[in-house]
Visitor: 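Provided herewith is a single structure, encoded as structure tokens, for subsequent inquiry.
Just so you know, residue 1 is the first one in the sequence shown, and it goes up from there. Just so it is clear, the structure is predicted and the values come from calculations on it, not from any experiment.
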Amino acid sequence: MVDLRNVSTVTEFILVGFEQSYPSTRTLLFTLFLALYGLAMAMNGLIIFITWTDPRLNSPMYFFLGHLSFLDICFITTTIPQMLIHLVVKNHTVSFASCLIQMYLVFGVGVAECILLAFMAYDRYVAICQPLSYAQIMSRQVCVRLVGTSWFFGMINGIFLEYMSFRNPFCRGNHVENFFCEAPIVIALSCGDRLFSLKVIFADAIVVLLSPMVLIVTSYARILTSILGRASSSGRGKTFSTCASHLTVVVFLYTSAMFSYMNPRSTHGPDKDKPFSLLYTIIAPMCNPIIYSLRNKEMKGAMLRALGRASLAQAESV
């Protein structure tokens, strides 16, 4: 047992990240992650622009997709710029308040994205299985409420998880073995009943990840049953193509999040945590717009029209 009266107050954390790598390796990682970050920002920004300005994409699916891209931009901006700075400077120190804010945003935006993906699966179910009632069920007002619900529960859940992560004083050092303030790693540095906090976060992850997963699986099970009963093979192919995009995004996000927050800490380590952290902090947000645009003819057409208008405007200004 630790005597909490003798515990010193931690005012800052040191993000170990990739500081033990060779300088040449850090330079390579900086170049790679900067390119991935720029690509993710550009692609998600383009999707936001075209889904909010192109009248041909005035449907609930693209309304949700625009908000998903906005969440992706928020998510990668909370972690990647800081990681890029730490790859080129020697000082990896972050204040206690910065770590707290970063963790809250990761929790809030991450949970909001999980819930939004479940609503997107429900939207596909209504569009495919109840096409005659689709416009009435998924009205603009309903879509706005669903997006608001995902943000609301994400932010409220973030406050709860933030409290569980920082409720104990810290007495086991201040070196965080990752490139951002990830909750299980930060909790491992605290005193008091760390196991209780980890159990609560584990239980919360079960609810936050598995509840939307149940809605996603149920929606796609009904979609599968519906399309298998159709005679048109072309109709099946188009439906499968649309749904495959969403399922690919779900697999990317949920697999990495489940490993980070639903596995026992004894199975973790810096070499195992960092790859999965990278998967859901930068790879998934970068892949989301690529997956949706490459598998969707309407999105590809809208992107080409947007890029064409930009090129024309640039040519006229010269």
Visitor: Check the angle between the aromatic planes of Trp52 and Phe70 and answer parallel, tilted or perpendicular using the 30° and 60° thresholds.
Guide: tilted

Visitor: According to a 4.5 Å side-chain heavy-atom criterion applied to Ile, Leu, Val, Met, Phe, Trp and Tyr, with indirect links allowed, do Leu87 and Val89 form part of one hydrophobic cluster?
Guide: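 Leu87 clusters together with Val89.
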
Visitor: In terms of hydrophobic clusters joined by side-chain contacts under 4.5 Å, are Val16 and Ile282 together?
Guide: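 No, separate clusters.
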
Visitor: Which heavy atom of Cys114 sits nearest a heavy atom of Pro212, and at what distance?
Guide: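 Smallest interatomic distance, heavy atoms only, reads O-CB, 3.7 Å.
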
Visitor: Between Asn44 (side chain only) and Ala40 (backbone N and O only), is there a donor and an acceptor less than 3.5 Å apart?
Guide: yes

Visitor: Please confirm whether Phe107 and Phe160 have ring centers closer than 6.0 angstrom.
Guide: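 Between Phe160 and Phe107, which both carry aromatic rings, the centre distance is not below 6.0 Å.
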
Visitor: Would you confirm whether Ser197, through its side chain, and Ser165, through its main-chain N or O, come within 3.5 Å as a donor-acceptor pair?
Guide: no

Visitor: For Gln136, does its backbone N or O pair with a side-chain atom of Ser133 as donor and acceptor, under 3.5 Å?
Guide: no

Visitor: Strictly distance-based, threshold 3.5 Å: is any side-chain N or O of Gln130 a donor or acceptor partner for the main-chain N or O of Tyr125?
Guide: no

Visitor: Would a hydrophobic clustering, with Ile, Leu, Val, Met, Phe, Trp and Tyr connected at side-chain separations under 4.5 Å, put Phe166 with Ile14?
Guide: no

Visitor: Would you say that Met286 contacts Met43 through its side chain, given a criterion of any heavy-atom pair below 4.5 Å between the two side chains?
Guide: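 Answer no - side chains too far apart.
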
Visitor: Taking C-beta and beyond as the side chain, do Gln141 and Val144 meet within less than 4.5 Å on heavy atoms?
Guide: no

Visitor: Mind checking disulfide (SG to SG under 2.5 Å) for Cys181 and listing every partner two or more places apart, or none if nothing turns up?
Guide: Cys99

Visitor: Count the heavy atoms belonging to other residues, nucleotides or ligands that lie under 6.0 Å from CG of Asp193, then report whether that count exceeds 12.
Guide: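 Yes.
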
Visitor: If you apply the rule side-chain contact (heavy atoms from CB on, under 4.5 Å), what do you find for Tyr134 with Asp123, and how did you get there?
Guide: CA-CA 9 Å; Tyr134 180 64; Asp123 169 69; 2.6 Å; yes

Visitor: To the nearest 0.5 Å, what is the distance between CZ on Phe119 and CG on Leu215?
Guide: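 CG of Leu215 is found 7.5 Å from CZ of Phe119.
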
Visitor: Should we say atom CZ of Arg222 is surrounded by more than 12 heavy atoms from elsewhere, each under 6.0 Å from it?
Guide: no

Visitor: Parallel, tilted or perpendicular: which fits the ring planes of Phe18 and Phe33, with parallel below 30° and perpendicular above 60°?
Guide: tilted

Visitor: Does Phe153, at its CZ atom, have more than 12 non-hydrogen atoms belonging to other residues, nucleotides or ligands within less than 6.0 Å?
Guide: no

Visitor: Are Gln82 and Leu15 packed together at the side-chain level, in the sense that at least one heavy-atom pair is separated by less than 4.5 angstrom?
Guide: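 When only atoms from C-beta onward are counted, Leu15 and Gln82 do touch, with a gap below 4.5 Å.
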
Visitor: Can you tell me how far the CD1 atom of Ile128 sits from the CG atom of Leu224, to the nearest 0.5 Å?
Guide: 10.5 Å

Visitor: Report yes if the side chains of Asp54 and Tyr62 come closer than 4.5 Å at any heavy-atom pair, otherwise no.
Guide: no

Visitor: Which distance, rounded to the nearest 0.5 Å, do you find between the CD of Gln102 and the CD of Glu182?
Guide: 10.0 Å

Visitor: Could you state the interatomic distance from CG (Leu105) to CZ (Phe75), rounded to the nearest 0.5 Å?
Guide: 10.0 Å

Visitor: Out of curiosity, Ile201 CD1 to Phe196 CZ, how far, rounded to the nearest 0.5 Å?
Guide: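 One gets 10.5 Å once the value is rounded to the nearest 0.5 Å.
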
Visitor: Could you go through the side-chain contact (heavy atoms from CB on, under 4.5 Å) check for Leu71 and Trp151 one step at a time?
Guide: CA-CA 9 Å; Leu71 283 169; Trp151 274 101; 3.2 Å; yes

Visitor: side-chain contact (heavy atoms from CB on, under 4.5 Å) between Val142 and Ile137: does it pass, once the steps are laid out?
Guide: CA-CA 8 Å; Val142 170; Ile137 296 175; 6.0 Å; no

Visitor: Strictly distance-based, threshold 3.5 Å: is any side-chain N or O of Tyr104 a donor or acceptor partner for the main-chain N or O of Met155?
Guide: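 Yes, the answer is positive, given that a donor and an acceptor are paired below the 3.5 Å cut-off.
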
Visitor: Within the structure provided, determine whether Thr79 and Met83 are in side-chain contact (heavy-atom separation under 4.5 Å).
Guide: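 Counting from C-beta outward, Thr79 and Met83 never come under 4.5 Å.
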
Visitor: Within the structure provided, determine whether Leu57 and Leu65 are in side-chain contact (heavy-atom separation under 4.5 Å).
Guide: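 The answer is no; the side chains never approach within 4.5 Å.
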
Visitor: Evaluate side-chain contact (heavy atoms from CB on, under 4.5 Å) for Ser190 paired with Ile187, printing each intermediate quantity in order.
Guide: CA-CA 5 Å; Ser190 66; Ile187 292 174; 4.1 Å; yes

Visitor: Is Leu117 reachable from Val207 through a run of hydrophobic residues whose side-chain heavy atoms are each under 4.5 Å from the next?
Guide: no

Visitor: Distance from His86 atom NE2 to Phe179 atom CZ, nearest 0.5 Å?
Guide: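 So the gap between those two atoms works out to 12.0 Å.
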
Visitor: At their closest point, which heavy atom of Ile223 faces which heavy atom of Cys129, and how far apart are they?
Guide: CA-SG, 3.9 Å

Visitor: Would a 4.5 Å heavy-atom cut-off, applied to side chains only, mark Thr11 and Ser95 as touching?
Guide: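 No. Closest side-chain heavy atoms not under 4.5 Å.
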
Visitor: Under the 3.5 angstrom rule, does the side chain of Thr77 hit a backbone N or O of Cys74 as a donor-acceptor pair?
Guide: no

Visitor: May I ask you to decide if Val208's main-chain N or O and Ser211's side chain share a donor-acceptor pair within less than 3.5 Å?
Guide: no

Visitor: Under a single-linkage definition using a 4.5 Å side-chain heavy-atom cutoff for Ile, Leu, Val, Met, Phe, Trp and Tyr, are Val88 and Leu36 assigned to the same hydrophobic cluster?
Guide: yes

Visitor: So do Phe63 and Thr51 actually touch side chain to side chain, heavy atoms under 4.5 Å?
Guide: no

